[in-house]
Amino acid sequence: MQYLQRTKARPTLDDLTASEARWLPQRFDPYAGEVIVEGQAVGWNAIEEVEVVAAPRASGPAGWLVRYLVHGEERYHIGLYFGHEEAVLPNVTLNVVRYVLQCVAFYAPLPVRYKGQDGLVPVVNE
């Protein structure tokens, strides 16, 4: 089972594009006590798991248009799971995914399971 490796450096918005840096704080607002995800408050000590999945797209011409012309790149959903609840950031870029994962690895005081694409953030296997 993979867990996010704790980090000592607080993540910054420096690696995000200007539009990502403007968009993200409206939907993901981390601070010491908790994080606000799409208006839902989630305590860092409550987060048990994070999962990253590629956002599904319709097959055929419509799916191609949305993926490459509307979004311009692959998009992902990132879910934070706590108790029987979840908080999801849908259709985000890979830069945003990395930032969110880095925030969880920095702020969460307890081990957090990770499911998703390899190589996005450091993980430990237990």
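Quick note: residue numbers are just sequence positions, from 1.
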- Note on the structure: So salt bridge (charged side-chain N to carboxylate O under 4.0 Å, His left out) across residues 99-123, not counting sequence neighbours, yields Glu49-Arg113, Glu49-Lys115
- Message: Is any side-chain heavy atom of Leu101 closer than 4.5 Å to one of Ile78?
- Response: yes
- Here the ring-ring contact (aromatic ring centres under 6.0 Å, His included) pairs for residues 98-126, sequence neighbours left out, are Trp44-Tyr107
- Message: For Leu4 versus Ala105, what's the shortest heavy-atom pair and its separation?
- Response: CD1-N, 4.1 Å
- Transitive ILVMFWY cluster of Val53 at side-chain heavy atoms under 4.5 Å: who else is in it? none
- Looking at side-chain heavy atoms only, is the closest gap between Val121 and Gln102 below 4.5 Å? yes
- Show your reasoning for whether side-chain contact (heavy atoms from CB on, under 4.5 Å) applies to Val92 and Trp23. CA-CA 10 Å; Val92 297; Trp23 176 88; 3.4 Å; yes
- Message: List the residues meeting side chain to side chain contact (heavy atoms under 4.5 Å, CB included) with Ala46, not counting sequence neighbours, and say none if there are none.
- Response: Phe82
- Message: Ignoring hydrogens, what is the shortest heavy-atom contact between Leu16 and Ala21? Give both atom names and the distance.
- Response: CB-N, 4.1 Å
- Note on the structure: To the nearest 0.5 Å, atom CD1 of Ile47 lies from atom SG of Cys103 at 10.0 Å
- Message: Could you check whether any side-chain heavy atom of Leu120 comes within less than 4.5 Å of a side-chain heavy atom of Leu94, counting everything from C-beta outward?
- Response: yes
- Query: Got a sec, which residues hit side-chain hydrogen bond (donor to acceptor under 3.5 Å, both in side chains) with Asn95, two or more places apart in sequence or on another chain?
  - Reply: Glu20
- Message: Checking Tyr81 now: which residues fulfil ring pair (Phe, Tyr, Trp, His ring centres under 6.0 Å) with it, not counting sequence neighbours?
- Response: none
- Query: Can you pull the salt bridge (charged side-chain N to carboxylate O under 4.0 Å, His left out) pairs that have at least one residue in residues 84-109, sequence neighbours excluded?
  - Reply: none
- Note on the structure: Separation between CD (Gln26) and CD1 (Ile36), nearest 0.5 Å, reads 14.0 Å
- Item | From Thr93 atom OG1 to Glu74 atom CD, the distance as rounded to the nearest 0.5 Å | 11.5 Å
Could you list the donor-acceptor pairs under 3.5 angstrom formed by side chains in residues 27-34, with sequence neighbours left out?
| unit_1 | atom_1 | unit_2 | atom_2 | d |
| --- | --- | --- | --- | --- |
| Tyr31 | OH | Glu34 | OE2 | 2.8 |

- Query: Apart from Leu110 itself, which Ile, Leu, Val, Met, Phe, Trp or Tyr residues share its cluster (side-chain heavy atoms under 4.5 Å, direct or through members)?
  - Reply: none
- Got a sec, which residues hit side chain to side chain contact (heavy atoms under 4.5 Å, CB included) with Pro25, two or more places apart in sequence or on another chain? none
- Side-chain cluster (under 4.5 Å, hydrophobic types only) that Val124 belongs to, other residues: Met1, Tyr3
- Looking only at non-hydrogen atoms, find the nearest pair between Val50 and Val112 and report the distance. N-CG1, 3.9 Å
- Can you name the nearest heavy-atom pair linking Gln40 to Ala87, along with the distance? OE1-CB, 3.7 Å
- Query: By side chain to side chain contact (heavy atoms under 4.5 Å, CB included), which residues pair with Ser19, not counting sequence neighbours?
  - Reply: Thr17, Arg22
